[in-house]
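All heavy atoms count here, side chains included; hydrogens, waters and symmetry mates do not. By convention here, the first residue in the shown sequence is residue 1. Both ligands and their constituent atoms are indexed starting at 1 by order of listing.
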Amino acid sequence: MAAARWSPAAFLALLLLLLPFAPSPARAATPGKSPSSSSTAVFQLQGAVYPIGHYHVTMNIGDPAKPYFLDVDTGSDLSWLQCDAPCQSCNKVPHPWYKPTKNKIVPCAASLCTSLSPNKKCAVPQQCDYQIKYTDKATSLGVLIADNFTLSLRNSSTVRANLTFGCGYDQQVGKNGAVQAATDGLLALGKGSVSLLSQLKQQGITKNVLGHCFSTNGGGFLFFGDDIVPTSRVTWVPMARTTYGNYYSPGSGTLYFDRRSLGVKPMEVVFDSGSTYTYFAAQPYQATVSAVDFKHSSF
Ligand SMILES: *[C@@H]1O[C@H](CO)[C@@H](O)[C@H](O)[C@H]1NC(C)=O
Ligand SMILES: *[C@@H]1O[C@H](CO)[C@@H](O)[C@H](O)[C@H]1NC(C)=O
Ligand SMILES: *[C@@H]1O[C@H](CO)[C@@H](O)[C@H](O)[C@H]1NC(C)=O
């Protein structure tokens with residue numbers, strides 16, 4: 001699933017790979033570190049960018065908590081699960097569909113509902129409908145639900161956070177989508193207030209810091225919070241505002257191939273862990289293809 005919001009082709013989706021720094025997720029808090037009111041939640045990533053082509057985290061949701069595999073998407077804001085509400089069009093997924101109860105439905109007047117679209121009109125005041133369209137034309141339609149997410153924190157405590165997400169009872173697959181999905185839903189970690197990261201920050205559980213690391217052997221880990229961010233061997237760049245959408249962006253990027261600039265004017269780069277492909281506009285695409293062709297024909 002390509003899980004970015006629609007973005008024009010002028011954007012280059014960049015996957016940041018921090019290799020091969022991989023602390024053990026269950027490591028105890030660093031001794032001597034001053035106590036802080038927020039901690040770090042660490043999750044294992046299963047799968048691999050290559051050759052499998054996808055990876056996911058396992059989240060435990062509900063009462064009692066049940067496991068769900070979720071795609072990690074820094075390019076969108078609303079998390080959702082394939083949901084039996086009842087289901088109108090759901091994919092075959094690894095676990096049974098999430099089954100909501102009436103008391104978990106988020107009402108239209110809730111602030112997170114309003115934040116989805118400021119001038120939202122709800123058909124029924126008791127519920128908040130949503131619809132999302134992704135770059136690959138996949139869609140998810142459903143209602144907002146709030147339920148407990150069970151998170152293991154690095155300070156050795158387990159918290160149950162009441163978080164808002166989408167109960168998606170109608171999913172249409174995109175161009176490259178399969179009816180059999182590898183995950184039960186999507187973990188959206190964008191900058192918007194409904195994103196899981198923003199809700200955890202709002203509730204004082206973790207800070208607005210996100211780490212996403214892959215091992216060269218497949219797998220890796222994801223963390224929310226700042227107390228395992230390494231102090232050295234990391235290059236920091238300020239976050240830039242994007243001209244389109246609410247993406248994480250380190251600003252402009254210049255294309256190089258074989259250490260030579262391709263002479264394409266710098267492009268806005270976004271960090272979107274949910275897109276499978278790197279997209280180019282026509283001109284940088286042509287420049288890249290020509291450079292690869294030239295290299296290939298000179299062998
Ligand atoms: C760990 O952090 C959480 C969330 O910030 C906090 O509520 C909890 O009290 C902390 N637990 C310990 C053992 O410090
Ligand atoms: C979440 O868990 C807490 C503590 O176990 C419980 O009191 C609360 O009702 C649960 N919330 C939901 C939405 O299920
Ligand atoms: C969980 O959060 C939602 C949305 O903020 C709220 O409507 C609901 O009452 C909360 N549930 C519990 C059990 O605290």
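Scanning the protein heavy atoms around atom 7 (O) of ligand 3, the nearest turns out to be Pro107 CD, 4.5 Å. Looking at atom 9 (O) of ligand 3, its nearest protein heavy atom turns out to be Asn162 ND2, 4.8 Å. Nearest protein heavy-atom neighbour of atom 5 (O) of ligand 2: Arg160 NH1, 3.3 Å. In this structure, the protein non-hydrogen atom closest to atom 14 (O) of ligand 2 is Asp63 OD2, 2.9 Å.
Side-chain atoms of Tyr98 and Asp147 form a donor-acceptor pair, as typed in the model, at a separation below 3.5 Å. A donor-acceptor contact closer than 3.5 angstrom is absent between the side chains of Gln131 and Asp129. Between the side chains of Asp184 and His95, a donor-acceptor pair is found at a separation under 3.5 Å. With 3.5 Å as the limit, one finds no donor-acceptor pair spanning the side chains of Ser290 and Asp293. Using a 3.5 Å distance cut-off with no hydrogens or angles, the side chains of Ser140 and Tyr130 do pair a donor with an acceptor. Using a 3.5 Å distance cut-off with no hydrogens or angles, the side chains of Asn148 and Asn162 do not pair a donor with an acceptor.
Heavy atoms from both the backbone and the side chain of Asn155 come within less than 4.0 Å of ligand 1. Residue Ser39 touches ligand 1 through backbone and side chain together, judged by heavy-atom distances below 4.0 Å.
Distances below 4.0 Å separate heavy atoms of Ile205 from the following atoms of ligand 1: 4 (C), 5 (O). The distance from ligand 2 to the heavy atoms of Lys104 drops below 4.0 Å at these ligand atoms: 14 (O). Short contacts between ligand 1 and Gly204, defined as distances under 4.0 Å to a heavy atom of the residue, involve ligand atoms 5 (O). Against a heavy-atom cut-off of under 4.0 Å, Ser157 is close to the following atoms of ligand 1: 1 (C), 8 (C), 10 (C), 11 (N). Near Ala146, with a cut-off below 4.0 Å to any heavy atom, the atoms of ligand 3 are 1 (C), 2 (O), 3 (C). Atoms of ligand 1 lying under 4.0 Å from any heavy atom of Leu153, numbered from 1 in the order shown and given with element: 2 (O), 3 (C), 4 (C).
Side-chain N or O atoms of Trp80 include none that pairs as donor or acceptor with a backbone N or O of Leu141 at under 3.5 Å. In this structure, Thr288 contributes its side chain and Pro284 its backbone to a donor-acceptor pair below 3.5 Å.
You'll find the ring centres of Phe165 and Phe149 inside the 6.0 Å limit.
Geometrically, ligand 3 and Thr164 share no nitrogen or oxygen pair separated by less than 3.5 Å.
In this comparison of Asn148, Thr150, Val159, Asp147, the heavy atom closest to atom 3 (C) of ligand 2 sits on Asn148.
Asp227 places a side-chain heavy atom less than 4.5 Å from the side chain of Arg154.
Remark: atom 11 (N) of ligand 2 lies closer than 4.0 Å to at least one protein heavy atom.
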